[in-house]
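Quick caveat: nothing in here was measured; it's all calculated off a predicted structure.
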Amino acid sequence: MYLYSFDRFFGFDKVCILAENTNKKKVKAGDLLVFGNQYFLALGETLSFSEQYHHLATTQAEIVYKEFLSVPALKLFHWMVETYYTTYKSVVRLFFADDIQKLLEREAKLKKAVKAALPSKTTLQYSFSLASSWQTLIVFPDLWTMYNTSTEVFRDHAAVACLSSTQSQNQKDIHRWEIKKWVKSVIVCTYAEIFQDFYDLKKIIFVDPHKRYYANQQDPRYKVGDVIEEMKKLYDAEVEIMGV
């Protein structure tokens, strides 16, 4: 079982192997493990570019959180590494913040959270419909477009998670749990926030796909349109294009 270490390097990347004497039958891909104060994500039995990982260190660890990353999200994680010829340490920051301990602590804030009904009005500049059930992702090229084509009433609705780079890490972590646990049914965000662990994503609304912002300029140099197409396959979701 390959592991990704959030805390330390093993060679050029942060990938290692779970020790042989660990009870591996209980560990599944996507589980979160811990050894001392170090956290590891179980990547599964295969890696992208496995030929680069001939001599990996082993580590002891035990499960601290089952299904920390869902199967579709983990498959997207591997796909990003393979498609954009990069490393796991370069991709992981798209999915998680650095402080996993803080992320785990913030889950407790959702214990009393209740899933809200969908908004009765989807008041945007464009005409569209939300998924009748499960979750809808609405992707904007930038904050200006997001705030100028959607109303504050819609963004502040109890069923809507509005994600932006201006939010604190505490707010982002709570939104991540709300999305994973289906407290939020509609996720409104710019392209950098699409790498969420969705409960069950069924519709993606892609706004102004022609905008240049959708080509990320830092490693990994991904194109948002290609990522959305892969998410469509992984989640069996419908994609609707707006603003063409």
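The SG atom of C162 sits 9.0 Å away from the CZ atom of F154 when rounded to the nearest 0.5 Å. Atom CE of residue M80 and atom CG of residue D226 lie 10.0 Å apart, to the nearest 0.5 angstrom. Atom CD of residue Q218 and atom CG of residue L94 lie 10.0 Å apart, to the nearest 0.5 angstrom. For the atom pair Q135 CD and I187 CD1, the distance stands at 4.5 Å (nearest 0.5 Å). Distance check: L41 CG to L69 CG gives 6.0 Å after rounding to the nearest 0.5 Å. With rounding to the nearest 0.5 angstrom, the CD atom of E229 is 13.5 Å from the NZ atom of K223.
Within 6.0 Å of atom NZ in K66, more than 12 heavy atoms from other residues, nucleotides or ligands are found, so the atom counts as buried in its surroundings. By the 6.0 Å contact criterion, CD on E62 is open, its count of non-hydrogen atoms from other residues, nucleotides or ligands being 12 or less. Applying the 6.0 Å contact sphere to CG of D7 captures more than 12 heavy atoms from other residues, nucleotides or ligands.
Note: F10 and Y53 fail the aromatic proximity criterion, with ring centroids not under 6.0 Å apart. For Y235 and F198, the ring centers sit closer than 6.0 Å to each other. For F77 and F95, the gap between ring centers is short of 6.0 Å. Two rings, from Y222 and F195, have their centers less than 6.0 Å apart. You'll find the ring centres of F96 and F68 inside the 6.0 Å limit.
A salt bridge links K202 with D200: the distance from a Lys NZ or Arg NE/NH1/NH2 to an Asp or Glu carboxylate oxygen falls below 4.0 Å. Of the charged side-chain nitrogens involved, none lies within less than 4.0 Å of a carboxylate oxygen, so that E230 and K75 do not count as a salt-bridged pair. With respect to D31 and K28, no salt bridge is recorded, no charged nitrogen being found less than 4.0 Å from a carboxylate O.
A distance-only check finds no donor-acceptor pair linking the side chain of N170 to the backbone of I174 [under 3.5 Å]. With T145 contributing its side chain and P141 its backbone, the two residues share no donor-acceptor pair below 3.5 Å.
Under the 4.5 Å side-chain criterion, counting only non-hydrogen atoms from C-beta, L56 is in contact with Y2. S164 places a side-chain heavy atom less than 4.5 Å from the side chain of M146. Using a 4.5 Å heavy-atom cutoff, the side chains of L163 and V188 are not in contact. With a 4.5 Å cut-off on side-chain heavy atoms, V139 and V207 do not count as touching. Side-chain contact between H175 and E193: absent, with no pair of heavy atoms (C-beta onward) separated by less than 4.5 Å. With a 4.5 Å cut-off on side-chain heavy atoms, L32 and F40 do not count as touching. Annotation: side chain of F206 is not in contact with side chain of I138 (no heavy-atom distance under 4.5 Å). The shortest side-chain heavy-atom distance between L143 and S165 falls under the 4.5 Å cut-off.
The aromatic rings of Y84 and W79 stand perpendicular to each other, their planes meeting at an angle above 60°, with 30° marking the opposite boundary. In this structure, Y199 and W134 have parallel ring planes: the angle between them is below the 30° cut-off, well short of the 60° mark. Between Y214 and Y191, the ring-plane angle classifies as perpendicular under the 30° and 60° cut-offs.
L74 approaches G30 most closely through the heavy-atom pair CD2-N, 3.6 Å. The two residues R8 and K14 come nearest to each other via the heavy atoms O-CG, 3.3 Å. The two residues S48 and V81 come nearest to each other via the heavy atoms CB-CG1, 3.8 Å. For the pair L137 and M231, the tightest heavy-atom approach, listed with the atom from each and the gap, is CD2-CE, 3.8 Å. Taking each heavy atom of A57 and C16 in turn, the nearest pair found is O-CB, 3.3 Å. Closest approach of Y4 to K89, counting heavy atoms only: OH-CA, 3.5 Å.
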task: With salt bridge (charged side-chain N to carboxylate O under 4.0 Å, His left out) as the test, would you mind laying out the steps for K211 and D208 before giving the verdict?
output: CA-CA 6 Å; K211 291 291 185 70; D208 294 344; 3.7 Å; yes
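Both the sub-6.0 Å distance and the 45° axial angle are not jointly satisfied by R221 relative to the ring of Y85.
Applying the side chain to side chain donor-acceptor pair (under 3.5 Å) test to W182 and every residue at least two apart in sequence or in another chain returns S185. With sequence neighbours left out, the salt bridge (Lys or Arg N to Asp or Glu O under 4.0 Å) criterion links K180 to D197.
Within the structure, salt bridge (charged side-chain N to carboxylate O under 4.0 Å, His left out) contacts touching residues 152-169 (residues at least two apart or in different chains) do not occur.
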